[in-house]
Amino acid sequence: MQINYTKPDRWTTMNDEYRYNSPKFIMRHSAQPAETTATSTGSRSFETQFMRMLQRVNVTVEQNELRLLDQERREQTELEWKQVALVMDRLLLWIFIILTAISTTVILRGSPYGP
């Protein structure tokens, strides 16, 4: 007996692949009672709608977590680059001051009117 299952949502994750293809899920959702009544059909319809809603909520929460992790990673990278820029700015300032002082000293010492 082969069971083909198609997912209700277009969003997929690795957990969904395992969940939809697991034996418990297939057995629980593919077992059809021999006799269906109006109440069991209504409850089954409610159950499927409720499961879809929970899956959508789960996907939304997972997407939000991924978005927050990505945002945190970007902010961390931005902070690191700001620190690098601050260090380089100070280093280049000191190089400029030293070179300016040396150039000024050489020019003034080499003047014919100096001591």
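Below, all heavy atoms of this structure are taken into account, side chains as well, without hydrogens, waters or symmetry copies. The residues of the chain are indexed from 1 along the displayed sequence.
- Taking Arg67 as the reference, Asn64, Gln71 meet the side chain to side chain contact (heavy atoms under 4.5 Å, CB included) condition, with sequence neighbours excluded.
- Considering CG of Leu79 and CD of Glu75, their distance stands at 9.5 Å, rounded to 0.5 Å.
- Contacts of Val106 classified as side chain to side chain contact (heavy atoms under 4.5 Å, CB included), with partners at least two apart in sequence or in another chain: Ile102.
- Pairs passing the ring pair (Phe, Tyr, Trp, His ring centres under 6.0 Å) check and including a residue from residues 43-69, sequence neighbours excluded, read Phe46-Phe50.
- Rounded to the nearest 0.5 Å, atoms CD (Gln63) and CG (Asp70) are 13.0 Å apart.
- Note that OG1 of Thr60 and CD of Glu62 are 9.5 Å apart. Values are rounded to the nearest 0.5 Å.
- The line from CZ of Arg74 to CD of Glu72 is 11.5 Å long, rounded to the nearest 0.5 Å.
- The ring pair (Phe, Tyr, Trp, His ring centres under 6.0 Å) pairs that include a residue from residues 52-101 number zero, where partners must be two or more places apart or lie in different chains.
- Residues forming a side chain to side chain contact (heavy atoms under 4.5 Å, CB included) with Thr104 (at least two apart in sequence, or on another chain): Thr100, Leu108.
- Residues Val61 and Glu65 form a side-chain contact, since some pair of their non-hydrogen atoms from C-beta on lies under 4.5 Å apart.
- Applying the salt bridge (Lys or Arg N to Asp or Glu O under 4.0 Å) test to pairs two or more places apart or on separate chains, those with a residue in residues 79-97 are Glu78-Lys82.
- Within 6.0 Å of CE in Met88 there are 12 or fewer heavy atoms belonging to other residues, nucleotides or ligands.
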